[in-house]
Amino acid sequence: MANETQKVFDTGQPVLSIDGLNVSYPVYGEDPVQAVRDLDLHIQPGEIVGLVGESGSGKTTLARSVMGLLVQPGRVDTGTIQFDGKDLRALPEKQLRAVRGKDIAMVIPNPRSELDPLVTVGRQISNVARAHLGIKRDEADQMAMDMLNAVQIPDPDRRFKAYPHELSGGMAQRVVMAISLVCSPKFVISDDATSGLDVTVQAQVLDLLRALVRSHNTAMLFITRDIGITAHFCDRVAVIYAGEIVEIAPMQSFFENPMHPYSVMLLAAFAHNPTLRAKWHKPLASAAPAHGGACAYAGRCVHAEDHCRQNSAELRELAPGHLVRCHFPVERPL
Ligand SMILES: Nc1ncnc2c1ncn2[C@@H]1O[C@H](COP(=O)(O)OP(=O)(O)OP(=O)(O)O)[C@@H](O)[C@H]1O
Ligand SMILES: [Mg+2]
């Protein structure tokens, strides 16, 4: 699998280009929360990019900005989001709605809350196909049945007519995946989609999701808090901290040579090795990230120097395609 994942995606027109994106949530009587900062991300057709970061780092905010579905009072302050040559921020809501669900789809957790409890699952899939592809009921039902087969639902004929409450959590997640993929989107965002499932079901669902997007050459932004999942799953890994990408690299380069102290800390935490964790985890570190004239991670960084507390860091390419936002990148971390 490792060889297969090392596809090279550095040529041609990206399917999604995010440039200089800043997203904030105004807070009454206080400074706004800057949830995404100066973020650039370019994803090639068929490429799977893992986006890893702790809770509150801005992952969902980024995903929702792309979908044009930011939760109030969130707002995109500056930046461009180009999808397939279209400027998504400039599209009228009606056209954006046509793109959403058809060309860009989202797979999210809590599948039950996504599904209409009063409509059979087969119909829910075929309704999406009808709405976006303008096809007749029979054809859409057939597509829905094909999708139920593709997501490997056991006994698809019977499940077509089942209601959501009759499905297990893993099956409901597969149905949500079928809804997301039925129109063969060019780009899928998976936001923590399997986090509610138990580990074995999670592994099966992830393998399936990956196989499906690979077979359709669909690009994917795969959001997770679990850095371990990104190994072998993604072509590139991006680590986000306090709304900034702090490291982005081809998967192999990232795992062989992580260079940002935060990435190394995440990997050490994942390694379940107390010595390693103690080495990279700073006790009593300030929870609130510094910004404005400082590296955002300086307060929690085991290697921070005065320079880091006084100067923000830029993303720099330190190996081919491997960019790091750190004044003193880590060498030989573990
Ligand atoms: N509706 C909101 N109003 C105000 N602030 C918000 C809102 N939604 C998110 N935020 C803030 O924006 C920042 C990013 O939140 P976001 O939900 O994007 O993080 P996340 O990386 O998806 O976290 P998680 O892993 O928990 O899903 C956080 O500081 C959060 O408190
Ligand atoms: Mg989130």
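Counting starts at 1 for both ligands and their atoms, in listed order.
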Do you see a protein non-hydrogen atom under 4.0 Å from atom 31 (O) of ligand 1?
no
Answer yes if a protein heavy atom lies under 4.0 Å from atom 14 (C) of ligand 1, otherwise answer no.
yes
Do Gln142 and Asp138 have side-chain N/O donor and acceptor atoms under 3.5 Å apart?
no
Tell me, which protein N/O/S atoms are under 2.8 Å away from the Mg ion (ligand 2)?
Thr60 OG1
Look at Arg210 together with Asp207 and state whether they make a salt bridge at an N to O cut-off of under 4.0 Å.
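Looking at Asp207 together with Arg210, the answer is no, because their closest N to O distance does not fall below 4.0 Å.
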Pair Lys59 + Asp191, salt bridge at N-O below 4.0 Å
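A salt bridge is absent here (no side-chain N lies under 4.0 Å from a carboxylate O).
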Provide the number and element of each atom of ligand 1 under 4.0 Å from a heavy atom of Glu54.
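So the atoms of ligand 1 that pass are 21 (O).
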Is any side-chain heavy atom of [Y] closer than 4.5 Å to one of [X]?
X: Thr194; Y: Leu209; answer: no
X: Phe255; Y: Leu267; answer: yes
X: Leu69; Y: Arg100; answer: yes
X: Ile48; Y: Met251; answer: no

Does Gly58 reach ligand 1, in the sense of a heavy atom lying below 4.0 Å from it?
yes
Quick one: does Ser57 get a heavy atom under 4.0 Å from ligand 1?
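The answer is yes: ligand 1 sits under 4.0 Å from a heavy atom of Ser57.
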More than 12 heavy atoms from other groups under 6.0 Å of NE2 on His216:
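It does not: His216 NE2 has 12 such atoms or fewer within range.
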Using heavy atoms and a threshold below 4.0 Å, how should the contact between Arg225 and ligand 1 be classified: side chain, backbone, both, or neither?
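Only the side chain of Arg225 comes within reach of ligand 1.
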Test Asp141 against every option in Arg130, Arg123, Lys136, Lys161 by the salt bridge (Lys or Arg N to Asp or Glu O under 4.0 Å) rule and name the one that passes.
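Going through the options one by one, the only one that passes is Arg123.
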Considering only non-hydrogen protein atoms, determine which one is nearest to [atom] and report residue, atom name and distance to 0.1 Å.
atom: atom 27 (O) of ligand 1; result: Thr60 OG1, 3.8 Å
atom: atom 25 (O) of ligand 1; result: Lys59 NZ, 2.7 Å
atom: atom 23 (O) of ligand 1; result: Gly56 N, 2.8 Å
atom: atom 2 (C) of ligand 1; result: Tyr25 CD2, 3.4 Å
atom: atom 1 (N) of ligand 1; result: Gln72 O, 3.6 Å
atom: atom 26 (O) of ligand 1; result: Ser55 OG, 2.4 Å

Please check if Val213 and Val175 belong to a single hydrophobic cluster, counting links between Ile, Leu, Val, Met, Phe, Trp and Tyr side chain heavy atoms closer than 4.5 Å.
yes
In terms of hydrophobic clusters joined by side-chain contacts under 4.5 Å, are Tyr262 and Val324 together?
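Different clusters: Tyr262 never reaches Val324 through Ile, Leu, Val, Met, Phe, Trp or Tyr contacts under 4.5 Å.
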If hydrogens are left out, which of Ile223, Thr61, Thr224 has an atom nearest to atom 16 (P) of ligand 1, that is, the closest non-hydrogen atom?
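Shortest heavy-atom distance from atom 16 (P) of ligand 1: Thr61.
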Under the ring-ring contact (aromatic ring centres under 6.0 Å, His included) test against His327, which residue among His303, His307, His260 passes?
His307
